Peer 1: 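Quick one: structure below, then a few questions.
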Number of protein chains: 2
Amino acid sequence: MSPELNNTALAEPVGCLCPDPRAWRLEDLPCTLETEDESRSFLIRQGGRRTVGPNEAIFAGGPTESRCFRVLEGVVRLVTFFPDGARQIVRFAFPGDYFGLTHAERLLTAEAVSPVVLLEFDAGKLQRLGECNPLLGRQLANVLRASASEALDHVGLLGRKDARKRLALFLRFLHQNIGLGDIVSVPMSRSDIADFVGLKIETVSRAFGYLRRRHLIDDVGRGVLRLDLVGLDLLIDGEG
Amino acid sequence: MSPELNNTALAEPVGCLCPDPRAWRLEDLPCTLETEDESRSFLIRQGGRRTVGPNEAIFAGGPTESRCFRVLEGVVRLVTFFPDGARQIVRFAFPGDYFGLTHAERLLTAEAVSPVVLLEFDAGKLQRLGECNPLLGRQLANVLRASASEALDHVGLLGRKDARKRLALFLRFLHQNIGLGDIVSVPMSRSDIADFVGLKIETVSRAFGYLRRRHLIDDVGRGVLRLDLVGLDLLIDGEG
DNA sequence: CGGTAGCTTGATGCGAGTCAACCCATGTGG
DNA sequence: CCACATGGGTTGACTCGCATCAAGCTACCG
């Protein structure tokens, strides 16, 4: 890939061990890298920090894409555009989430939903790093596992035929990621929600209306909701 | 498929480095384990080979589940049962595929679609093995990545609103996994297909009828189809 | 033979899609 | 300050496609 930088043993493919593995826990990785000059080379651009405005593209997707990211602030959407004109939002990435770790994700398009702050990595380097450092490798594997399980949840959501159940599940999902108590903010547009849950925006809007009427959700400020969590679960699990 | 490799250090749990890492390519793993008495301890039951009849459960799912499998013959379905009575088939596993590698998958129910031959592993041991052997770890990571990308494809399928497109996509998917030339066998029932693509069996049946009438598929033997691949792609990508 | 399970086909209803109008907040220029 | 344009959201009238209910069909097995 890019063999030009081999400042440390970490650039070696296999068999290397980092001097202090505990410094390489994946959660700490960005912070550690920021403060350590020697570690900067792991970031694709020096510093690696990057801010993106709403609806700006982070990458357009394609076989050449080799970057991956961690979200620090804001929300990112990963999108497929079908030849027939349809759009499918495959995943939302929230603060703390990684995206672009798999080749499949790098084929997608990544766009900022809200103002976003990211850390940018070279995917290949990160992978090689994970392979030579067992601890980091385990963390990376956990991230992979988490994203796989999230995709399964998404499948479960799309399997539901009822529009209101889908929206309820989506709100539960959102709450699980950025909820505080029974409050959750909804940073994405109806259009984004629709393309995530497999509905049209009018149907999403009507489903919102239904939930509001039933007081399963209540508006509190712009794009901020109070959820009746047990009520939503009841709706989701109910026969009707 | 009868390698006479002898590496003795393999039974050690953690911190081991195999003398010949190339002997541990994930693809070869089962074969190696079969023939080596010393390696048997990696399999949860001695031998690890297991056959399952159609519609029999392989595991029922739950937090205690710690086994994972590789399919040698046949097809396996991974299923979620929702409290409201609905059923969602999250994934089909074909010969060569692994399942149960992630905790999320181990929460599901695994059932044989057709007569199945499996290899059975202890998930924790396999994971630890991957962590201490870089080459095997990379293979495991690739399996994880593959299953993540397959889940994304599934999301893309379920995002489509048209029943015929969904079925066409499903057949393409099936062909990709067990197709030969333009021939593919369909081992699973309409009910399984329906719960995989998010439709009812009647709708699936009608969609089959439509594809047949258009000669995008043609019956050749029991549960065996000849596909018009370009025609199917045209249908999938078409506006209507 | 009858029995059953899986698949197909038909008639009907319902819910999501579609098309369209409207609201409302924001922004722009005169 | 207002007139106007714009984009996102909501709401209504209507259509269409999938779900539903129901009947028949075929194959396999007793």
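Everything numeric here is computed off the predicted structure, so don't read it as measured data. Residue numbers begin at 1 in each chain, while the letters A, B, ... track the order of the sequences.
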Peer 1: Checking A:Arg166 side chain against A:Arg160 main chain: does a donor-acceptor pair fall under 3.5 Å?
Peer 2: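 Checked: pair present.
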
Peer 1: If I take atom CZ in residue B:Arg190 and atom P in nucleotide D:dC25, what distance separates them, rounded to the nearest angstrom?
Peer 2: 19 Å

Peer 1: Separation of A:Phe208 atom CZ from D:dT11 atom P, in whole Å?
Peer 2: 12 Å

Peer 1: At under 4.0 Å between heavy atoms, what does B:Arg212 touch on the DNA or RNA strands: base, sugar-phosphate, or nothing?
Peer 2: sugar-phosphate

Peer 1: Under the 3.5 angstrom rule, does the side chain of B:Ser114 hit a backbone N or O of B:Gly74 as a donor-acceptor pair?
Peer 2: no

Peer 1: Find the distance A:Ile217:CD1 to D:dG9:P and express it as a whole number of Å.
Peer 2: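 Atom-to-atom, A:Ile217 to D:dG9, this comes out as 13 Å.
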
Peer 1: Between B:Phe196 and B:Arg77, is there a cation-pi geometry (under 6.0 Å to ring centre, at most 45° from the normal)?
Peer 2: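 The answer is no, since B:Arg77 fails at least one limit relative to B:Phe196.
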
Peer 1: Could A:Arg106 and A:Phe59 be counted as a cation-pi pair, given that NZ or CZ must be under 6.0 Å from the ring centre and within 45° of the axis?
Peer 2: no

Peer 1: Between B:Arg213 and B:Asn55, which has a closest nucleotide on DNA chain C that is more 5'?
Peer 2: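 With B:Arg213 and B:Asn55 compared, the 5'-side residue is B:Asn55.
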
Peer 1: To the nearest 0.5 Å, how far apart are CG in A:Asp192 and CG in A:Asn55?
Peer 2: 7.5 Å

Peer 1: For nucleotides 13-28 of chain C, just jot down a letter per nucleotide in 5' to 3' order: B, S or -, based on protein non-hydrogen atoms under 4.0 Å.
Peer 2: ---SSBB---------

Peer 1: Taking A:Arg172 first and then A:Asp233, would you say they form a salt bridge - that is, a charged N and a carboxylate O separated by under 4.0 Å?
Peer 2: yes

Peer 1: Could you state the atom-to-atom distance from CG of A:Asp195 to P of D:dG8 in whole Å?
Peer 2: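 These atoms are roughly 13 Å apart.
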
